[in-house]
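Presented below is the structure to which this report refers.
Note that ligands are numbered from 1 as they come in the structure, with each ligand's atoms numbered from 1 the same way.
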Amino acid sequence: MNFYNFINLIKLESIKQEKTLNLIASENYSSLSTIIYSSSCYINKYTEGYPKNRYYSGCKIFDIFENKSIIESQLLFSSLFSNVQPHSGAQANFAVFQTLLNKNDKILSLDLKSGGHLTHGFIKNFSAKIFNIINYCLDKNNLIDNNYINLIIKKEKPKLLILGYSSYQELIDWKKLNIISKKNNCYILSDISHISGFICSGLIKNPINYSDVVSSTTHKTLRGIKGGILLSNNKNIFNKINSSVFPGQQGGSISNNIISKYVSFKEANNFNFIKYTKQILINSKIMLKTFFYRGYKSSTKETINHMFLINLLNKCTLLIEKILEKNGILLNRNFFPNDIKFSKNPSAIRIGLSSVTTRKLKNLEVELISNYICDIIENYKKNYKNQIKILCLKFPIYK
Ligand code: DSN
């Protein structure tokens with residue numbers, strides 16, 4: 001395939017993104033400035049090491065950027081220390097494990113089926129291959145059960161407790177869980193990848209004071225480009241984290257992305273961003289309410305963030321995902337807590353409202369889309385292609 005074919009493929013993807021409504025909870029549209037800054041001449045520059053301590057020459061100007069990015073992320077998340085070099089959330093989590101744990105140490109985490117993440121101990125992931133994973137599950141109301149975690153920590157004495165999830169729509173009691181884990185000499189990693197945008201807006205409690213380390217991606221509710229960050233208030237731990245990221249795990253950082261991360265932190269540290277995340281919450285609550293109104297069940301009675309699960313136990317979620325895609329609506333099938341079905345065709349769909357809120361869809365449109373989705377689930381022959389196209393035209397991604 002020659003270069004021009006590639007350009008055509010990118011054009012096709014861009015048209016597809018413009019013409020579809022994206023409800024994938026882990027995605028968002030990066031802001032234009034963060035995209036532009038990620039494409040700078042820093043693509044050409046290796047910057048191994050840290051500011052003032054590099055292993056390549058010619059990094060003096062970049063030191064200014066990395067320092068700014070570090071300071072801006074500390075301001076945004078009220079943390080004393082920050083590392084902006086992790087290439088992704090997975091890499092960030094690995095750096096934490098490498099800092100706090102030895103081979104075969106115990107990690108206590110929520111399993112993937114109940115809302116955890118691959119890197120929190122999924123059997124095929126590095127985390128389960130290197131460490132000894134113990135899972136906690138949700139209670140009968142699909143909520144984090146602090147008492148159960150207390151019991152299991154006392155019994156199993158894990159070295160690390162992971163909080164923060166990929167499909168959990170309720171509050172986490174960081175303070176209480178911190179007390180429990182400190183009593184049992186257990187570290188806490190809070191993985192806020194999905195909810196970081198709400199935390200820096202003050203809409204969800206910041207776990208920084210209740211965690212040994214906080215990890216996040218930068219491209220979900222935060223609206224930056226793809227990447228990871230690590231935050232902490234513990235100097236000792238953080239010095240070790242720094243050497244765990246480099247040279248412990250990564251070589252050169254992705255310099256152009258570090259500059260772009262700075263831009264996203266700056267943008268998130270702004271009143272307009274708070275307004276934006278508030279609207280995501282409103283949209284998310286409206287959509288869930290509409291599903292309830294239509295008789296559907298979620299894992300809990302409400303959502304406090306951008307996402308929620310809808311249980312479609314008797315339906316084929318793989319097929320529903322495909323039919324919705326044909327109509328121009330993108331989302332992903334997902335496990336429901338205590339799912340008895342397999343990952344190819346689990347019981348639920350996961351819905352996230354960040355991307356459509358970025359397109360400035362509000363109450364009316366969100367209610368309309370929810371009804372389209374319900375109609376399609378109830379009758380696969382329903383066709384809303386044109387309605388979705390018109391909606392997409394009315395709400396372009398970058399205007
Ligand atoms: N797989 C992503 C999610 O859906 O949460 C994060 O890596």
Side-chain angles (χ1 to χ4, degrees), residues 17 20-30 86-97 107 109-128 133 135 138 142 144 162-170 172 189-199 204 207 214-230 249 254 257 261 264 280 284 298-299 303-310 317-318 320-321 324-325 329-337 339 342-358:
Q17 290 191 13
T20 48
L21 286 179
N22 185 359
L23 297 172
I24 295 174
S26 47
E27 294 184 5
N28 200 342
Y29 304 112
S30 306
H87 300 338
S88 69
Q91 243 107 349
N93 285 347
F94 184 76
V96 177
F97 299 162
I107 297 178
S109 63
L110 187 67
D111 67 311
L112 189 69
K113 279 195 154 186
S114 305
H117 186 253
L118 290 173
T119 58
H120 299 179
F122 177 60
I123 191 155
K124 290 187 179 166
N125 186 262
F126 71 86
S127 44
I133 307 295
N135 284 141
L138 303 174
N142 297 326
I144 301 290
I162 304 181
L163 306 172
Y165 314 101
S166 286
S167 57
Y168 188 67
Q169 57 206 59
E170 272 289 350
I172 300 166
L189 163 65
S190 294
D191 181 342
I192 59 167
S193 294
H194 269 273
I195 53 173
S196 50
F198 299 109
I199 288 173
I204 291 182
V214 172
S215 68
S216 181
T217 51
T218 44
H219 49 277
K220 296 187 174 84
T221 47
L222 209 50
R223 270 207 83 191
I225 52 141
K226 287 207 180 82
I229 43 165
L230 285 165
Q249 188 201 161
I254 308 181
N257 287 5
K261 283 176 191 173
S264 58
I280 300 179
S284 177
S298 184
S299 51
T303 175
I304 56 110
N305 56 41
H306 60 301
M307 66 178 157
F308 55 84
L309 294 172
I310 293 295
T317 52
L318 175 65
I320 287 171
E321 188 187 283
L324 286 170
E325 184 172 355
I329 298 172
L330 303 180
L331 48 70
N332 73 289
R333 59 194 189 279
N334 209 93
F335 284 119
F336 199 75
D339 213 327
F342 296 104
S343 59
K344 285 235 159 66
N345 181 31
S347 293
I349 49 173
R350 184 181 65 162
I351 295 183
L353 277 296
S354 316
S355 299
V356 292
T357 310
T358 304

Distance alone, cut at 3.5 Å: any donor-acceptor contact between the side chains of S354 and E27? no
Grab the two heavy atoms, one from G227 and one from K261, that are nearest each other, plus how far apart they are. CA-CE, 4.0 Å
Member of I133, I123, N135 meeting the side chain to side chain contact (heavy atoms under 4.5 Å, CB included) criterion with D111: N135
Is the backbone N or O of T221 less than 3.5 Å from a side-chain atom of H194, with the two atoms forming a donor-acceptor pair by type? no
Looking at atom 7 (O) of ligand 1, what's its closest protein heavy atom, distance included? H117 NE2, 2.8 Å
Among all protein non-hydrogen atoms, which one is nearest to atom 5 (O) of ligand 1, and what is the separation to 0.1 Å? H194 NE2, 2.7 Å
Hey, is K220 touching ligand 1 through its side chain, its backbone, both or neither, going by heavy atoms under 4.0 Å? side chain
Polar-atom distance check: R350 versus ligand 1, any N or O pair below 3.5 Å? yes
Using 30° and 60° as the class boundaries, would you call the ring planes of F126 and F94 parallel, tilted or perpendicular? perpendicular
Numbering the atoms of ligand 1 from 1, which are under 4.0 Å from a heavy atom of S166? 5 (O)
